[in-house]
Amino acid sequence: MAMYIRVKHSKTTYFIQCEPTETILEIKQKLHNLIDQPANDQRLILVGTGEVLDDSKTLADQKVENDAVVALTLRKEDNEFEDINIVRPDDFYQSREGDSGNW
């Protein structure tokens with residue numbers, strides 16, 4: 001049964017079509033084709049639970065459901081992973097306070 005997940009990094013959302021039986025490593029390989037970052041330099045975190053997804057487990061094993069939101073963090077030069085940085089819709093409204101909502 002085909003599904004998709006939303007992978008978010010900063011201001012970008014990647015819609016990844018997948019199967020519940022695919023492993024996280026397979027999802028990272030799909031992302032590699034989009035963002036040119038090797039799978040071992042990516043970390044996927046299930047938004048809501050904060051759980052770091054295990055490369056060897058399937059989406060179904062980790063209870064990642066259709067239309068789930070997953071945060072992507074990338075390895076930095078110091079070999080550590082960056083913090084989750086997802087721009088939420090509310091962030092846009094907060095930055096535009098005082099303009100009476102006229103876009």
Side-chain angles (χ1 to χ4, degrees):
M1 173 180 77
M3 60 184 270
Y4 76 95
I5 59 173
R6 291 181 277 168
V7 179
K8 294 183 171 267
H9 181 257
S10 188
K11 297 178 183 177
T12 306
T13 302
Y14 303 96
F15 291 86
I16 306 295
Q17 185 173 353
C18 48
E19 298 287 333
T21 55
E22 287 184 62
T23 65
I24 299 306
L25 182 58
E26 291 171 316
I27 301 301
K28 288 181 176 182
Q29 289 167 340
K30 288 181 179 186
L31 283 166
H32 170 69
N33 293 331
L34 296 171
I35 63 171
D36 199 31
Q37 289 286 331
N40 64 339
D41 287 345
Q42 303 173 35
R43 182 169 61 183
L44 297 177
I45 302 165
L46 189 58
V47 173
T49 67
E51 176 185 355
V52 176
L53 299 176
D54 185 324
D55 286 356
S56 63
K57 294 183 180 176
T58 67
L59 293 167
D61 289 342
Q62 298 179 89
K63 298 182 177 35
V64 178
E65 299 177 353
N66 186 43
D67 196 29
V69 178
V70 177
L72 168 65
T73 62
L74 302 174
R75 190 180 308 274
K76 301 183 295 185
E77 289 181 16
D78 64 3
N79 215 28
E80 295 294 318
F81 282 96
E82 63 191 8
D83 292 332
I84 294 174
N85 178 20
I86 299 174
V87 176
R88 294 178 172 85
D90 291 349
D91 295 342
F92 293 111
Y93 296 115
Q94 291 171 357
S95 65
R96 308 241 342 154
E97 279 183 22
D99 71 358
S100 60
N102 295 326
W103 292 67

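Model, not experiment: these values are computed from the prediction.
- A salt bridge does not link Lys63 with Glu51: none of the charged nitrogens is closer than 4.0 Å to a carboxylate oxygen.
- With a 4.5 Å cut-off between side-chain heavy atoms of Ile, Leu, Val, Met, Phe, Trp and Tyr, the cluster of Leu34 takes in Met3, Ile5, Val7, Tyr14, Ile16, Ile24, Ile27, Leu31, Ile35, Leu44, Leu46, Leu53, Leu59, Val64, Val70, Leu72, Leu74.
- Heavy atoms only, all atoms of each residue included: Ala71 and Ile84 are closest at CB-CG2, 3.9 Å.
- Taking 4.5 Å as the limit, every side-chain heavy atom of Gln29 sits out of range of all side-chain heavy atoms of Asn33.
- Put simply, CG on Asp55 and CZ on Arg43 are 11.5 Å apart, with the number rounded to the nearest 0.5 Å.
- Summarising the geometry of Gln17 relative to Lys30, their closest heavy-atom pair is O-NZ, 2.6 Å, with the distance given to 0.1 Å.
- Among Arg75, Lys76, Lys28, His32, the single residue meeting the side-chain hydrogen bond (donor to acceptor under 3.5 Å, both in side chains) criterion with Asp41 is Arg75.
- With sequence neighbours excluded, the residues satisfying side chain to side chain donor-acceptor pair (under 3.5 Å) with Asp67 are Tyr4, Arg6.
- In terms of modelled atom types and a separation under 3.5 Å, the side chain of Gln62 and the main chain of Asp54 share a donor-acceptor contact.
- Looking at Glu26 and Glu19, their side chains never come closer than 4.5 Å, going by heavy atoms from C-beta outward.
- Of all the heavy atoms in Leu25 and Ala39, the pair that sits closest is CD1-CB, 3.8 Å.
- Around atom CD of Glu82, more than 12 heavy atoms belonging to other residues, nucleotides or ligands sit under 6.0 Å away.
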